Structure formats: structure tokens, C-alpha cells
Amino acid sequence: MIPAEFDYELAESGEHALQLLEQHGDEAKLLAGGHSLLPLMKLRLATPSMLIDIGRLDDMSYISDDGDAIAIGALTRHEVVEGSDVLKEHCAIVAHTAGEIGDRQVRHFGTIGGSLAHGDPASDLPTVMLALDAQVVVRSSSGERTVAANEFFTGLFETALGPTDLLTEIRVPKLTGGWSYQKFHHRAQDWAIVGVAAVQRNGGASVALTNMGEVPLRASGVEQALASGNDAAAAAEEAAENTSPPSDPFGSADYRRALAKVLTRRALQEAMGR
Amino acid sequence: MRRISLTVNGVQHEGMVEPRQLLVYFLREQLGLTGTNVGCDTSTCGACTILVNGNAAKSCTLLAVQADGAEITTIEGLASNGEMHPLQKAFHENHGLQCGYCTPGMIMASLDLIANNDDLNDEDVRIGLEGNLCRCTGYQNIVKSVQQAAGEMRSPAST
């Protein structure tokens with residue numbers, strides 16, 4: 001399978017990438033690791049006429065302790081996130097989940113920013129970012145802004161990023177409580193049929209779901225049930241509330257609803273036991 | 001068309017490519033290195049695995065332009081002076097292949113796995129090779145082959 005024709009520019013700096021975006025606007029897509037975008041282009045589900053390659057902007061690959069938060073450069077590869085000691089110490093769910101993506105080969109190239117910007121509801125990191133109330137830092141030629149994870153994912157393969165925006169950094173909070181990411185998949189390296197992130201924070205629990213709708217979803221019914229004193233098993237019964245899971249050869253919508261409850265129970269029990 | 005320059009198995013190559021040219025087709029069709037197979041063509045099966053700057057990569061999911069300036073190793077780069085690489089020898093000796101289609105990718109992924117892990121148990125090998133599928137289901141002997149080669153590569157003196 002060969003992608004449709006496109007033009008290619010190699011960005012030499014973040015500024016250069018922004019200039020190229022200004023110049024080409026809606027026609028262009030940013031290429032980071034390419035491991036989400038290129039498969040879609042090969043299937044011709046995406047046909048950008050211009051690719052702006054930001055894959056060599058090494059200064060956008062970092063993980064640093066910023067006091068209250070950990071800052072992760074958008075071009076940090078999954079492999080680096082997975083192995084990061086800073087993340088393992090302060091926000092281990094992010095390192096763990098990066099290690100659940102695809103396989104070794106994919107994790108060598110895929111980036112955290114690319115994974116979020118792609119906006120695929122079956123992908124793992126967006127759900128974790130939602131459960132963590134992470135902040136996404138976005139630059140354009142008119143300046144920098146920060147978007148909360150719960151406002152970032154706006155639709156199927158759609159995000160709050162505009163055509164001239166560059167996602168530069170992800171900021172995740174330091175965790176002191178337990179956490180869990182439960183991923184149920186078919187073949188070893190597949191996308192999640194359903195995934196559940198659970199994080200103990202601020203005296204309560206945040207729970208978010210992968211592949212249960214057009215965007216990653218917060219399981220607010222579960223969170224409320226826990227807040228009103230229910231145990232994990234009882235609260236998990238609310239996991240499918242207000243979801244609209246897809247049906248595909250891997251599972252019907254009903255199967256996914258049942259799976260969401262089981263995985264939420266497991267995630268809560270693991271998070272509370274950690 | 002864009003000019004790219006890359007090192008493949010220690011040899012410098014230049015080529016003119018369309019931006020949409022995938023790395024695997026550049027290797028196979030422009031350089032004639034057909035040892036790297038295209039299996040699923042969807043970054044699932046791992047048959048097209050090569051090393052890019054030492055990291056295992058699925059060459060069906062990389063553009064040739066992304067590899068501009070890179071050091072590439074393919075299955076053709078493993079044997080030296082007619083001597084098989086320990087991984088090739090181990091796959092041969094342990095029936096680590098049946099039809100052989102997945103083998104170049106299995107071996108390149110194993111090379112990356114062994115280079116980055118000092119101590120691998122069978123479970124680590126199975127998880128480490130999760131991105132490589134064998135439709136002959138010969139995993140048992142693949143794991144055995146990787147373990148033999150890993151031992152040999154770590155203590156070459158004892159062989």
C-alpha cells in the first residue's frame with residue numbers, strides 16, 4: 001500500500017515548523033514518528049498534500065521535573081517515556097501505559113505528542129491524560145496556550161488543535177496515590193478493545209475509558225458512586241453509563257459495555273491496592 | 001523527488017525518492033536488498049523489521065525520507081565473510097523457521113532485543129517479539145533460537 005502523493009518539508013526548528021504551518025495551513029499534516037499517521041495515509045483514509053516532518057526536532061524530546069508537574073516534550077518517543085525514571089517515580093501510570101502501546105518497533109518511533117494529536121479513541125495515552133487532568137501546551141505563531149485534557153479531545157480523530165497549531169508539551173501531575181491501566185486486546189500488539197485508567201487523586205478516584213465512544217471518556221458515574229461510599233465492585237457497575245462504544249469484528253457495543261465494567265472493577269481494585 | 005543519503009549495512013547509498021516512497025520499497029526495489037520482506041504492510045506482522053540507528057523498526061511504516069542520514073542494518077548485513085551471524089546459525093540449528101517468511105524480521109527484532117537486555121528469560125523473549133508474527137506458529141523454536149544466540153553473543157569465547 002502506497003500513500004497518495006504529497007509534498008514534504010523537513011522542519012529545522014519549532015519556529016520553522018510554525019512558519020510552514022502558516023504557509024500550508026489545512027493542507028498540511030505534521031509528521032512526528034508517523035506510526036499513527038502513515039498507516040492511515042497508506043489506506044488513503046488521510047490524504048494530506050503536504051507533510052511537515054518535525055521528527056528531528058530533538059529539543060522537543062525531554063522529560064523534566066517541574067515542581068508540581070512533570071513536563072514531557074511532545075516528541076518524546078514511547079520507548080523513552082516507558083523507561084523514564086522521573087515518570088516511574090512521580091507518575092508511573094504514564095510510563096507503564098507507554099509500554100503497553102504497540103510493540104518495541106512501534107515504541108521506538110511513536111511519540112507522546114503524536115499519539116495525543118491523532119485523537120484516536122482506541123489509543124491508550126489520551127485516556128490516561130484525561131484521568132490525570134493533564135495539560136497540553138500548544139504553540140502557534142500567535143503565541144502559546146494551555147488546553148486541559150478534558151477539552152482537548154473533541155471528536156473522532158479530532159482535537160482542539162487548529163491547522164496552524166503545534167503541540168509542544170504535555171504536563172502531568174505528580175501522583176501520590178495508586179493507579180492502574182487495564183488494557184484488553186486481541187493480538188499482543190493491538191489497540192485496546194476497551195481500556196480503563198484509574199488514578200487515586202485528591203482524596204477520590206479519577207476513571208477514564210478507552211474506545212467507549214468517539215473520544216476518551218471520563219467515567220463520572222463510577223467516580224460519583226465511589227465518592228458516595230460504594231466499593232470498587234459496586235461503583236464499576238456504572239462504567240458503561242453515558243458511553244457509545246463502537247461495534248466491530250473484535251466486539252459488539254454490548255460486549256464492550258460488559259468489558260468496561262469488568263476492567264473498571266479490576267482497575268479500581270489494583271489502584272486501591274497499590 | 002528528493003535526494004537521500006543513508007548507510008545500509010556499512011555501505012553509503014544515495015537515491016532519489018518520492019516523499020511517499022516507503023523505506024522497505026527503497027531497500028527492496030532501489031537497492032535490491034530483498035531479504036527484508038513485506039508481510040502485512042500495516043505495521044502489524046514485523047516481517048519488514050530492520051535496524052534504524054540501532055533500533056528495530058518496521059520499514060513498511062517509515063518513509064525513505066525519514067531515514068535520510070540514518071544507519072540501516074538489514075538481514076543482508078549480518079553474515080560476515082561467509083559466516084552466519086549467531087542468530088542466523090541458531091535459527092538454522094533449532095528449526096527456528098518453517099516457511100521462513102517472518103525470519104528476517106524475527107532475527108532483526110531479536111538482535112535489537114538482545115543488544116538492549118543483558119538477561120532475557122523465555123517470557124522476556126516472547127514479550128520482546130510481540131511485534132513479530134509467525135503464521136507457521138513456530139514460536140517455541142524461535143524462542144529457543146533467540147536464547148541460544150543470546151548466550152553465544154554474550155560469551156563468544158565459549159563457542
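Everything numeric here is computed off the predicted structure, so don't read it as measured data. In what follows, every chain begins at residue 1, and chains take the letters A, B, ... in the order their sequences are listed.
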> For the atom pair CD (B:E18) and CZ (A:F6), what is the distance rounded to the nearest 0.5 Å?
8.5 Å

> Taking side chain as everything from C-beta outward and backbone as N, CA, C, O, which of these in B:Q66 sits under 4.5 Å from a heavy atom of chain A? Side chain, backbone, both or neither.
both

> I'd like to know whether CD of B:E83 has more than 12 heavy-atom contacts from other residues, nucleotides or ligands below 6.0 angstrom.
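No.
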
> Between B:L22, B:T42, B:V65, B:T49, who has the most heavy-atom pairs with chain A when the cutoff is under 4.5 Å?
B:V65

> Indicate yes or no: at least one non-hydrogen side-chain atom of B:T61 is less than 4.5 angstrom from one of A:P39.
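Yes - at least one pair of side-chain heavy atoms lies under 4.5 Å apart.
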
> Chain A heavy atoms under 4.5 Å from B:R126: which part of the residue, side chain, backbone, both or neither?
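For B:R126, there is no contact with chain A at all, as no heavy atom is under 4.5 Å.
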
> Any chance you could measure A:L31, atom CG, to B:L62, atom CG, to the nearest 0.5 Å?
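Nearest 0.5 Å value for the CG-CG distance: 9.0 Å.
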
> Relative to chain B, which segment of A:L37 carries a heavy atom at a distance below 4.5 Å: side chain, backbone, both, or neither?
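It is neither, since no heavy atom gets under 4.5 Å.
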
> With a 4.5 Å heavy-atom cut-off, do A:L51 and B:L63 have their side chains touching?
yes

> With a 4.5 Å limit on heavy-atom distance, are the side chains of B:D112 and A:Q105 in contact?
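B:D112 vs A:Q105: side chains apart.
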
> At a heavy-atom separation under 4.5 Å, does B:V38 approach chain A through its side chain, its backbone, both, or neither?
neither

> Please confirm whether the backbone N or O of B:A57 pairs with a side-chain atom of A:H108, one donor and one acceptor, at under 3.5 Å?
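Checked: no pair found.
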
> Please check if atom NZ in A:K183 has more than 12 non-hydrogen atoms from other residues, nucleotides or ligands closer than 6.0 Å.
yes

> I need the B:C60 SG to A:L38 CG distance, nearest 0.5 Å.
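CG of A:L38 is found 9.5 Å from SG of B:C60.
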
> With a 4.5 angstrom heavy-atom cut-off, could you sort out which part of A:L43 is near chain B: side chain, backbone, both or neither?
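Neither part.
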
> Using non-hydrogen atoms only, which part of A:F109 is less than 4.5 Å away from chain B: side chain, backbone, both, or neither?
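Side chain of A:F109 only, per the 4.5 Å heavy-atom cut-off to chain B.
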
> Non-hydrogen atoms of chain A under 4.5 Å away: do they reach the side chain of B:I127, the backbone, both or neither?
neither

> Let's test your reading of the structure: which of B:R20, B:K58, B:Q21, B:R2 forms the most heavy-atom pairs below 4.5 Å with chain A?
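Highest number of heavy-atom pairs under 4.5 Å: B:R20.
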
> Report, in residue-number order, which members of residues 129-141 of chain B are under 4.5 Å from chain A by heavy-atom distance.
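The residues closer than 4.5 Å to chain A, in numerical order, are B:E130, B:G131, B:N132, B:L133.
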
